[in-house]
2 protein chains.
Amino acid sequence: MTQLGTRDRIVAAADDLFYRQGFEATSFADIAAAVKISRGNFYYHFKTKDEILDAVIEKRFADRETMLAGWEVEGKTPQDRIESFINILIKNQSKIMLYGCPVGTLSSELVKLDHSAKEGANSILTLFRTWLARQFSAAGCMELSDQYAMHVLARSQGVATLASAFKDEGFVNAEVQLVTRWVQEKISSHASE
Amino acid sequence: MTQLGTRDRIVAAADDLFYRQGFEATSFADIAAAVKISRGNFYYHFKTKDEILDAVIEKRFADRETMLAGWEVEGKTPQDRIESFINILIKNQSKIMLYGCPVGTLSSELVKLDHSAKEGANSILTLFRTWLARQFSAAGCMELSDQYAMHVLARSQGVATLASAFKDEGFVNAEVQLVTRWVQEKISSHASE
DNA sequence: TTTTTTTTAGGACAATCATCCTAAACGACG
DNA sequence: CGTCGTTTAGGATGATTGTCCTAAAAAAAA
């Protein structure tokens, strides 16, 4: 049971708050209060708000990387792995219905703020994109792999957006099933060629 | 050539700034500067920032209503009308690649801020949803109409989100074509029953 | 122990925010 | 012309923001 360092606790709290409230709407004081440390201590670890954002993005990137790597181990077929990805929408359903997709909403926000960290946020989407494309590629989808990856990513983002707006559980379940079936069709059609 | 009133000019400027920068990131001063009036004059027309937001949402709602009504006139078949909807992604492509979908991003932001106006923002999405469902219904899709409407809406939102992140024109065009084809298939399959 | 480095606390700072106020300018109408 | 309601300008306010500083506490090294 290793005690988490102060820096890590700050990043974890910021990660959570940026997700639930957004980056712009979260203040130094908010994070400090969540971690229960003084603003001064805060400044010792992070000189600017942008530095925290960078750290949060790094953490999110690393978290997703290990998540994807895990599926690469447990998922036997590329199709299984892609389905694991789609099923995030089910696994995190309650949170997504409250705050949307952490990756997509942060990316949207930073694009609007024209923030220098927007490329970093987008890199997580790119991580998903290339990972999905690799799975489709392994499933024999050839030069269409990247297009399929973008398609799955887009539909996931769309479902997350409407889930947070309408908070309709049935809708999320139905769409997940549709995307899953779409993937099955594409992969099997490529296999039969 | 009627001179637009000050109030309308404020709402128009706020509409634009909320879209490009987001609601939270846009200040009274920003809007006042865009309209070239003093903050005092501003306060004469709107007592709080929330009042401007309400006005902007009302305007956006009305704008979309007339847009949909226009398609109802010029579009001969329900399918034509639904395609008009999907083609917003093409028509506003350059703006969407810069700032995403005005309706979806505002909704996402207000949900995170847990802002009292979030229901108003969502009502624009509901406007789209019911309009699309009505078209599917007219095309004979019966009890599946609402589900289809949500599907088209979700995919449009997803495309807009990824468009602003990746700024890939080809991706938008390809996805628009896919959604259009999906609509065609669904409608024709229902017509043949 | 003493010394040195790392970590923490909390106040001070200027800037910016939404909001509010007063008074001047304007326009319609007598 | 003068009067009155509408519209405008711009300063004042108090709260909050991100940032910075200094000094005390804690930990590590000597």
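Throughout, a chain's letter reflects where its sequence line sits, starting with A, and its residues are numbered from 1.
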Cut-off 3.5 Å, no hydrogens considered: what does the side-chain donor-acceptor table look like for residues 31-39 of chain B, sequence neighbours left out?
{"from": "B:S38", "atom 1": "OG", "to": "B:N41", "atom 2": "N", "distance (Å)": "3.2"}

_Please identify the 5'-most and 3'-most nucleotides of DNA chain C with any atom under 4.0 angstrom from a heavy atom of chain B._
C:dC17 to C:dC20
*List in chain and number order the residues that pass side chain to side chain contact (heavy atoms under 4.5 Å, CB included) with A:E65, two or more places apart in sequence or in another chain; answer none if no residue qualifies.*
A:F61, A:L127
_Contact list for DNA chain C against residues 105-115 of chain B - heavy-atom distance below 4.0 Å_ = none
_Non-neighbouring partners of B:D63 that pass salt bridge (charged side-chain N to carboxylate O under 4.0 Å, His left out), sequence neighbours left out_ = B:K59
*Qualifying residues under salt bridge (charged side-chain N to carboxylate O under 4.0 Å, His left out), relative to A:R134, sequence neighbours excluded*: A:E72
*asked:* Going by ring pair (Phe, Tyr, Trp, His ring centres under 6.0 Å), name the residues that satisfy it together with A:H115, two or more places apart in sequence or in a different chain.
replied: A:F23
_Within residues 20-48 of chain B: residues closer than 4.0 Å to DNA chain D (heavy atoms)_ = B:I37, B:S38, B:R39, B:G40, B:N41, B:Y44, B:H45
*asked:* For A:D54, give me all partners under salt bridge (charged side-chain N to carboxylate O under 4.0 Å, His left out), at least two apart in sequence or on another chain.
replied: none
*Contacts of type side chain to side chain donor-acceptor pair (under 3.5 Å), residue B:S107, not counting sequence neighbours*: B:N122
_Does B:K49 have more than 12 heavy atoms from other residues, nucleotides or ligands lying within 6.0 Å of its NZ?_
yes
List the atom pairs, with distances to 0.1 Å, where a side-chain N or O of residues 178-187 of chain A and a protein N or O form a donor-acceptor pair under 3.5 Å, not counting sequence neighbours.
{"from": "A:T180", "atom 1": "OG1", "to": "A:V176", "atom 2": "O", "distance (Å)": "2.6"}

*By side chain to side chain contact (heavy atoms under 4.5 Å, CB included), which residues pair with A:N92, not counting sequence neighbours?*
A:I88, A:I96
